[in-house]
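Right, one structure below, let's go through it.
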Amino acid sequence: MVESKNGEHFVRFKAANGEAMVRSETYASKASAKNCIESVKKNAPGADTVDETVSA
């Protein structure tokens with residue numbers, strides 16, 4: 001979780017190789033940013049993934 005210059009918080013999700021994959025929206029409270037993390041942990045493990053870098 002990262003605090004922006006204006007005091008809001010956001011989350012950066014990184015790949016196993018350490019590269020940033022996704023940045024969340026900003027949240028006014030740290031608790032809301034933590035809820036974002038928990039939601040991804042809960043809902044993403046079974047999510048479908050699509051590699052858009054592979055040509056069809």
Side-chain angles (χ1 to χ4, degrees):
M1 185 173 357
V2 181
E3 185 171 342
S4 63
K5 291 178 184 178
N6 67 359
E8 293 188 334
H9 298 83
F10 63 92
V11 180
R12 283 191 193 122
F13 295 96
K14 294 185 178 183
N17 66 0
E19 289 187 36
M21 296 187 326
V22 177
R23 179 194 181 280
S24 74
E25 62 184 287
T26 56
Y27 298 96
S29 72
K30 194 173 190 177
S32 293
K34 285 183 179 183
N35 286 339
C36 171
I37 295 168
E38 292 306 315
S39 177
V40 170
K41 284 181 178 180
K42 177 183 173 188
N43 296 299
D48 291 335
T49 57
V50 177
D51 185 350
E52 295 182 347
T53 63
V54 179
S55 298

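The figures that follow rest on heavy atoms only: side chains count, while hydrogens, waters and symmetry mates do not.
Note: the hydrophobic cluster containing V11 also contains M21 (ILVMFWY, side chain heavy atoms under 4.5 Å, direct or indirect links).
The distance from atom CG of N35 to atom OG of S29, rounded to the nearest 0.5 Å, is 7.5 Å. Taken from SG in C36 to CD in E25, the straight-line distance is 7.0 Å, to the nearest 0.5 Å.
Contacts of E3 classified as side-chain hydrogen bond (donor to acceptor under 3.5 Å, both in side chains), with partners at least two apart in sequence or in another chain: none. In this view, E19 and N17 satisfy the side-chain hydrogen bond (donor to acceptor under 3.5 Å, both in side chains) rule, not counting sequence neighbours.
R12 CZ: 12 or fewer foreign heavy atoms inside a 6.0 Å radius.
For A33 against M1, the heavy-atom pair with the smallest separation is CB-SD, 3.4 Å.
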